[in-house]
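Right, one structure below, let's go through it.
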Amino acid sequence: MSVDMLTKGAIMRLATCDDDDDLFNSGVVLQALSVKSINEGKEGKQGEKPAPKPGQAERLRIILSDGEWFMQAMLATQLNDVGIEKNSIVRISRASRNIVQNRRLVIVLGLEIVQHFDEKLRRDPNDEKQPWSLPSEYLKVKPDGENGQSPAPQSKPAAAPSTSAVPRTSTPQLPAQPHRDSKNTAPNGRSIYPIEGLSPYQNNWTIKARVTQKSDIRRWSNQRGEGRLFNVTLMDDTGEIRATGFNQAVDELYDKFEEGKVYFVSKARVNLAKKKFSNVNNDYELSLERSTEVEPCLEAADVPTIKYNFVKLDALQEVPKDSNCDVIGVVKEVGELSEITTKTTNRTMKKRELTLVDDTGFSVRVTLWGNTAEKYEEEGHPVIAFKGVKVGDFGGRSLSMLMSSMMFVNPDTTEAFHLRGWFDDDGKTLQFSSHTSGGGGAGTGRGFDRDDQRTLMEIKNANLGMGDQPDYFSSRATIMHIKDNNFAYPACRSPDCNKKVVENGPGEWRCEKCNVSHSSPDYRFMLQLAVADLHGQAWFQGFNDAGQIIFNRSANEIMQMKEAGDDDGVLRAFAQANYQAFNFNCRAKADTWNDETRVRYGITKVEPVDFVKEAQYMRDKLQSEWGAEI
DNA sequence: CCCCCCCC
């Protein structure tokens with residue numbers, strides 16, 4: 001392989017012929033003489049790869065050569081990861097030609113690596129057949145529209161090739177119009193522009209896109225002012241982009257957009273997207289102005305309905321926390337509708353958890369919020385596709401819907417049909433693994449997981465709780481001892497306070513946090529339990545919820561006995577709690593106190609062993625394939 | 001010009 005494989009004349013055509021789609025039919029093979037981030041110049045340091053601005057994808061500027069001429073081009077950011085390097089030979093399948101400040105700018109939209117650099121491709125610096133920089137006259141656009149009347153390069157020495165580099169006559173049409181067939185013509189006569197080609201350097205575009213998501217109208221108010229806004233996500237077969245309309249644009253456009261329908265959109269402003277606020281896969285977003293044109297499109301079969309990039313459930317471990325992904329799975333369990341109160345804003349949120357499984361044998365919990373949670377009423381085990389759900393690390397991996405997420409029940413996709421068949425044939429009887437950190441452990445938040453319980457020895461051997469994140473596990477253990485000093489503390493009676501109160505005088509229990517005094521405290525359990533199973537022992541911490549189940553009475557009742565001098569009663573209460581077996585769900589987390597680090601096991605849920613359930617479980621286990629094997 | 005997306 002050598003530079004001979006490069007497509008001679010391609011640079012000239014790329015630079016000067018706006019409508020030259022034939023150029024790509026057989027593939028254009030070029031060499032990247034340089035690959036640099038556009039930030040590089042500003043950073044100044046040579047050879048050091050500059051970090052892109054936070055939340056901003058890196059954008060690469062490449063120099064492309066056909067062996068005769070070279071020119072600069074930009075790489076669409078979705079190609080950042082194709083692995084292009086200095087001197088790589090690449091095949092370009094698509095590029096958009098744009099005009100920026102009367103100069104042509106080529107953005108490469110489709111590219112594959114043909115060959116990475118090797119020594120055979122290194123040029124002899126004395127070789128006269130070096131490619132030459134395309135004279136800037138070729139790249140200039142004359143304001144009167146006389147484009148493409150490119151002058152012959154004057155300054156090029158005779159040693160350079162000349163005949164094959166003569167440019168084709170180009171059409172004097174501006175701006176670049178990637179697709180020119182009638183199907184792709186907007187009502188305003190302009191050609192349809194692909195979403196992935198949109199950039200702030202581009203005006204006069206029209207996109208043809210489906211609304212995949214439309215928000216409610218939101219109000220905001222902050223120091224800078226207040227107003228109303230809405231978002232839509234627009235999608236075509238090349239990509240997606242988020243569009244936002246403020247105030248007047250809300251009145252003008254909100255009702256025009258309908259989720260699922262296709263529109264021609266033009267004359268919106270293209271801004272850099274603040275990536276941390278959006279999971280839409282685009283560096284840019286649209287600002288819908290009053291002058292923005294939105295026309296419904298009826299012939300829209302060519303615009304895809306939705307583009308998924310499904311992650312299999314076993315691969316969620318590889319997806320970073322807080323990023324977004326698409327998943328599809330069968331609903332194995334549906335949680336009850338419940339309500340949580342947020343810590344920061346004290347708002348109540350309705351939520352519901354689904355357990356999703358797929359044919360990798362993994363399960364994951366997905367949280368639905370608000371209306372979606374409330375209105376969920378699917379029966380049985382539907383297949384559900386989620387687009388843009390947030391990845392959390394609760395219980396190893398968890399998923400949570402965002403405002404921008406989408407949920408599709410029983411979608412018409414091959415993945416859905418495949419999973420339907422798989423679940424009905426095999427999946428429904430299988431056991432699933434959840435993503436757990438620290439090498440073992442249980443589903444949490446739900447009930448005790450009989451299939452995923454750990455022995456106390458395993459918990460210690462697996463070093464659960466030693467990582468940065470807490471680990472959660474299920475264990476069945478017997479209480480061997482309950483510390484009887486400080487088993488309860490006097491707590492504030494204000495709702496949701498539970499802080500410790502101090503007795504300032506008779507009938508005066510003061511809470512520093514609430515700044516009130518109560519005539520009596522509300523005693524709450526604070527337990528240190530020595531527990532054991534067949535393989536080991538551990539100390540578990542339990543608070544009020546756990547204490548009430550373990551003692552089967554409140555801390556106040558025991559404190560009353562104590563204060564009344566009924567020592568026998570207190571002893572009996574402790575004796576009854578001891579030597580019982582419980583199913584524990586715990587949270588393991590290391591903490592350091594007095595320079596000593598140790599793992600604390602906090603009880604998140606405790607339930608008495610249900611012997612009827614346990615007997616049924618064992619019977620079913622023996623009748624299962626597992627039983628047949630032994 | 002928003003940007004909250006929450007809990008165990």
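We use all heavy atoms of the structure for the numbers below, so side chains are in, but hydrogens, waters and symmetry mates are not. All chains are named by letter (A, B, ...) in the order of the sequence lines, taking the proteins before the strands, and each is independently numbered beginning at 1.
- The A:K390 side chain lies nearest to B:dC6 when the options are B:dC5, B:dC3, B:dC6.
- For the pair A:N371 CG and B:dC5 P, the computed distance is 18 Å after rounding to whole Å.
- Look at A:N222 and you'll find a side-chain N or O under 4.0 angstrom from OP1 or OP2 of B:dC2.
- Taking the side chain of A:F394 as heavy atoms from C-beta on, and the options B:dC8, B:dC4, B:dC2, the nearest nucleotide is B:dC8.
- A side-chain N or O of A:E353 and one of A:T367 form a donor-acceptor pair less than 3.5 Å apart.
- Atom NZ of A:K261 has 12 or fewer neighbouring heavy atoms from other residues, nucleotides or ligands inside a 6.0 Å radius.
- Along DNA chain B, the nucleotide nearest A:R218 and the nucleotide nearest A:Q248 are compared for position; the residue whose nucleotide lies closer to the 5' end is A:Q248.
- Looking at the side chain of A:E353, the nearest of the listed nucleotides B:dC2, B:dC5, B:dC7 is B:dC7.
- Spacing between atom CD1 of A:I217 and atom P of B:dC4 amounts to 20 Å, rounded to whole angstrom units.
- Nearest nucleotide to the side chain of A:N247, out of B:dC7, B:dC1, B:dC3: B:dC1.
- With distances taken from any side-chain atom of A:W220 to the nucleotides B:dC1, B:dC6, B:dC8, the minimum falls on B:dC1.
- Rounded to whole Å, atom C1' of B:dC5 lies 13 Å from atom NZ of A:K321.
- Ring pair A:F582/A:F584 is tilted by interplanar angle, where 30° to 60° counts as tilted.
- At least one side-chain nitrogen or oxygen of A:K274 sits closer than 4.0 Å to the OP1 or OP2 atom of B:dC1.
- Atom CE in A:M349 sits roughly 6 Å away from atom C1' in B:dC6 (whole-Å rounding).
- Between A:N271 atom CG and B:dC1 atom P the separation is 7 Å, expressed in whole Å.
- When heavy atoms are screened at a 4.0 angstrom cut-off, A:Q223 is found touching no nucleic acid atom at all.
- Donor-acceptor pairing under 3.5 Å is recorded for the side chains of A:E289 and A:S287.
- At a cut-off of 3.5 Å, with distance as the only test, no side-chain donor of A:N282 or A:R242 sits close to an acceptor on the other residue.
- We find that CH2 of A:W369 is positioned 16 Å from P of B:dC4, with the value rounded to whole Å.
- A:R228 comes within 4.0 angstrom of no nucleic acid atom, judged by non-hydrogen atoms across all strands.
- In the set B:dC7, B:dC4, B:dC2, B:dC4 carries the atom at the smallest distance from any side-chain atom of A:R347.
- A:K351 comes within 4.0 angstrom of a nucleotide base, judged by non-hydrogen atoms across all strands.
- The A:T244 side chain lies nearest to B:dC2 when the options are B:dC2, B:dC7, B:dC1.
- In this structure, A:D216 places its CG atom 18 Å from P of B:dC4, rounding to the nearest Å.
- Residue-level contact check: A:R224 touches the backbone only, with heavy atoms under 4.0 Å from sugar-phosphate atoms and none from bases.
- Shown here is A:E339, whose CD atom has more than 12 heavy atoms of other residues, nucleotides or ligands within 6.0 Å.
- A straight line from CG of A:L229 to P of B:dC1 spans 11 Å, rounded to a whole angstrom.
- A:S400 comes within contact range of the sugar-phosphate backbone alone, with a heavy-atom separation under 4.0 Å but no base atom that close.
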